[in-house]
Amino acid sequence: MSTSSRSQSPTASWALLPWRTRISLSVLSKLTDAARRSDGTVNRRLMSFFDFRSSATPSAPYKGVTTSDLTVDASRNLWFCLFVPSTTSSSSLAVVVFFHGGGFSFLSPDTFAYDALCRKFARTIPAVVVSVNYRLSPEHGYPSQYDDGLDVLKFLDQNHDALPDLADLSRCFLAGDSSGANIAHHVAVRASREILQVVKPIGLVSIQPFFGGEERTESEIELRGAPLVSMTRTDWLWKGFLPAGSTRDHEAANVGGPNAVDISGMEYPTTVVFVGGLDPLQDWQRRYCEWLRKSGKEAKLIEYPTSSFRRSRPSWLLDRA
């Protein structure tokens with residue numbers, strides 16, 4: 001965390017957030033806390049009452065975007081929501097493959113907030129957005145989410161006619177927030193090992209990625225009472241996601257740590273990492289960016305000192321789409 005952002009107490013910084021944001025984060029924190037059981041399972045029934053969902057709009061555009069759901073593998077409920085801007089002057093649009101957040105355990109592409117976010121991406125970039133419904137932990141732990149993400153890329157590579165003609169898969173961006181950004185990273189690593197004929201991941205947008213390790217960083221300690229991503233909550237999420245007996249220094253969590261995968265020789269996409277000054281995981285996010293650079297990859301860090309979760313459109317993605 002920068003000196004300027006650490007000059008204020010966590011309570012004072014939290015007060016700078018818009019009141020609606022504070023209320024939303026507080027409510028979501030209490031809801032996920034109530035749904036997390038002591039035995040490591042999730043009360044899905046409780047979550048279903050409060051996880052408000054949006055419906056696809058394939059025939060009539062809503063807010064300038066049409067949406068439809070496409071199945072990749074019904075046996076594991078792997079599907080994606082396709083967002084296409086209804087009016088655009090371009091004959092070719094980049095494709096954004098987006099992974100939602102939720103600590104690997106919560107939410108989905110049709111969760112109201114993520115539906116609104118992906119509609120905004122599709123309309124304002126503009127781009128064709130593929131929002132992936134991956135399996136959730138703890139019912140499906142590591143590496144299920146990474147497998148699902150890669151399989152969506154393979155599906156698009158083999159079934160590119162499933163997208164509209166203006167979708168240019170040679171300009172494919174992987175993107176995600178929180179755990180979705182973690183998934184985007186690991187899918188990028190896996191995709192670099194594959195021979196994809198049509199899909200070419202050229203960029204990665206990592207919005208406050210969910211990484212960690214056994215070490216307690218300065219930002220985790222200073223912001224330990226933060227909503228959603230307190231140490232108590234993140235420890236629970238990692239335990240439900242990682243293989244039994246693993247520590248948080250597993251390569252899935254501590255990507256630049258002692259068990260890191262060597263990506264120096266891979267065709268890893270150019271990356272931008274967004275960091276919020278109220279996010280307890282910000283030290284891990286900066287380390288991720290530094291590790292990418294040390295591995296010889298192009299990576300840019302963009303910080304918002306008084307933000308917790310920033311969900312405005314990334315200008316970096318706009319510039320390259």
| field | Derivation of the side-chain contact (heavy atoms from CB on, under 4.5 Å) call for H186 and Q145 | value | CA-CA 9 Å; H186 288 284; Q145 293 76 3; over 6 Å; no
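- Using a 4.5 Å heavy-atom cutoff, the side chains of Y62 and T67 are not in contact.
- Checking side-chain atoms of R123 against main-chain N and O of K63 turns up a donor-acceptor pair under 3.5 Å.
- Residues V273 and K300 form no side-chain contact, since every pair of their non-hydrogen atoms from C-beta on lies 4.5 Å or further apart.
- Scanning both residues, V128 and P164, for their nearest heavy atoms gives CG2-CG, 4.2 Å.
- Side chain to side chain, R53 and S108 meet the donor-acceptor criterion of an N or O pair below 3.5 Å.
- Closest approach of N133 to P109, counting heavy atoms only: OD1-CD, 3.3 Å.
- Going from atom CG of D151 over to atom OH of Y134 covers 15.5 Å, rounded to the nearest 0.5 Å.
- Rounded to the nearest 0.5 angstrom, D147 CG and L78 CG are separated by 10.0 Å.
- Taking the centre and axis of the six-membered ring of W236, the NZ or CZ atom of R233 falls outside the cone set by 45° and 6.0 Å.
- Atom CZ in R119 sits 7.0 Å away from atom SG in C81 (nearest 0.5 Å).
- Considering only heavy atoms from C-beta on, Q282 stays 4.5 Å or farther from T217 through its side chain.
- The two residues W291 and V255 come nearest to each other via the heavy atoms CZ2-O, 3.5 Å.
- Within the 4.5 Å cutoff, side-chain heavy atoms of V95 are placed close to those of L163.
- Salt bridge annotation for D235-R248: present, with a cationic side-chain nitrogen under 4.0 angstrom from a carboxylate oxygen.
- Across every non-hydrogen atom of Y114 and G101, the tightest pair is OH-N, 3.0 Å.
- Side-chain N or O atoms of N159 include none that pairs as donor or acceptor with a backbone N or O of A162 at under 3.5 Å.
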| query | Could you walk me through whether L117 and H100 pass the side-chain contact (heavy atoms from CB on, under 4.5 Å) check? | reply | CA-CA 10 Å; L117 177 68; H100 67 82; over 6 Å; no
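- Side-chain N/O atoms of S295 and S264 include no donor and acceptor closer than 3.5 Å.
- Side-chain N or O atoms of T271 include one that pairs as donor or acceptor with a backbone N or O of P269 at under 3.5 Å.
- A distance-only check finds a donor-acceptor pair linking the side chain of S86 to the backbone of G64 [under 3.5 Å].
- Aromatic rings from Y268 and H185 are positioned such that their centres are separated by under 6.0 Å.
- Among all heavy-atom pairs drawn from V97 and L153, the shortest one is CG2-CD2, 4.0 Å.
- Remark: side-chain polar atoms of T88 are not paired, donor with acceptor, to backbone N or O of P85 under 3.5 angstrom.
- A distance below 6.0 Å separates the ring centres of F211 and Y288.
- V198 is not listed as a side-chain neighbour of L156, based on a closest heavy-atom distance of 4.5 Å or more.
- To the nearest 0.5 Å, atom CG of residue D283 and atom CG of residue L223 are 9.0 Å apart.
- Evaluation of the ring pair (Phe, Tyr, Trp, His ring centres under 6.0 Å) rule for F106 yields no partner, not counting sequence neighbours.
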| request: Might you work through the salt bridge (charged side-chain N to carboxylate O under 4.0 Å, His left out) test for R44 and E139, ending with a clear yes or no? | output: CA-CA 11 Å; R44 300 290 178 198; E139 295 90 341; 2.8 Å; yes
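- The pair R36-D33 counts as a salt bridge, with a side-chain nitrogen and a carboxylate oxygen less than 4.0 angstrom apart.
- At a threshold of 4.5 Å between non-hydrogen side-chain atoms, the residues I263 and L292 count as touching.
- Residues forming a ring pair (Phe, Tyr, Trp, His ring centres under 6.0 Å) with W238 (at least two apart in sequence, or on another chain): F104, F210.
- Using modelled atom types, one finds a donor on one side chain and an acceptor on the other under 3.5 Å when comparing R171 with S92.
- Of the charged side-chain nitrogens involved, at least one lies within less than 4.0 Å of a carboxylate oxygen, so that E215 and R287 count as a salt-bridged pair.
- Between F274 and Y304, the ring planes lie parallel to each other; the angle is under 30°, not in the 30° to 60° tilted range.
- Within the 4.5 Å cutoff, no side-chain heavy atoms of V96 are placed close to those of V130.
- F98 and W79 fall into different hydrophobic clusters, where Ile, Leu, Val, Met, Phe, Trp and Tyr residues are linked whenever their side-chain heavy atoms come under 4.5 Å apart, directly or through other members.
- Remark: side-chain polar atoms of N254 are not paired, donor with acceptor, to backbone N or O of H250 under 3.5 angstrom.
- Counting heavy atoms of neighbouring residues, nucleotides and ligands inside a 6.0 Å radius, atom CG of D165 does not exceed 12 of them.
- Taking hydrophobic clusters as Ile, Leu, Val, Met, Phe, Trp and Tyr residues chained together by side-chain heavy-atom distances below 4.5 Å, I221 does not share a cluster with V229.
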| request: With side chain to side chain donor-acceptor pair (under 3.5 Å) as the test, would you mind laying out the steps for D39 and T41 before giving the verdict? | output: CA-CA 6 Å; D39 62 358; T41 61; 2.6 Å; yes
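- Within a 6.0 Å radius of NZ in K239, no more than 12 heavy atoms belonging to other residues, nucleotides or ligands are found.
- Atom CG of L281 and atom CD of E220 lie 6.0 Å apart (nearest 0.5 Å).
- Two different hydrophobic clusters hold L150 and V132 under the rule that ILVMFWY side chains link at heavy-atom gaps under 4.5 Å.
- Annotation: E267, atom CD; neighbour count of heavy atoms from other residues, nucleotides and ligands within 6.0 Å does not exceed 12.
- In plain terms, the two heavy atoms of N259 and D249 that are nearest each other are ND2-O, 2.8 Å.
- Linking ILVMFWY residues whenever their side-chain heavy atoms come closer than 4.5 Å, directly or via other members, leaves F52 and F49 in distinct clusters.
- Taking the side chain as every heavy atom from C-beta outward, V129 and C118 approach each other to under 4.5 Å.
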| field | From CA spacing to verdict: side-chain contact (heavy atoms from CB on, under 4.5 Å), V261, M266 | value | CA-CA 11 Å; V261 174; M266 298 181 180; 4.0 Å; yes
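- Remark: the S137 side chain and the S105 side chain contain an N/O donor-acceptor pair separated by less than 3.5 Å.
- Remark: the S54 side chain and the D110 side chain contain no N/O donor-acceptor pair separated by less than 3.5 Å.
- Of the possible polar contacts, none joining the T111 side chain to the L107 backbone as a donor-acceptor pair under 3.5 Å is found.
- Hydrophobic clustering (side-chain heavy atoms under 4.5 Å, transitive across Ile, Leu, Val, Met, Phe, Trp, Tyr) groups F50 together with L136.
- No side-chain donor-acceptor contact under 3.5 Å links D177 and Q208.
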| task | Kindly determine whether R286 and V275 satisfy side-chain contact (heavy atoms from CB on, under 4.5 Å), including the steps that lead there. | result | CA-CA 8 Å; R286 293 190 188 92; V275 175; 4.2 Å; yes
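- Put simply, CG on L174 and CG on L204 are 5.5 Å apart, with the number rounded to the nearest 0.5 Å.
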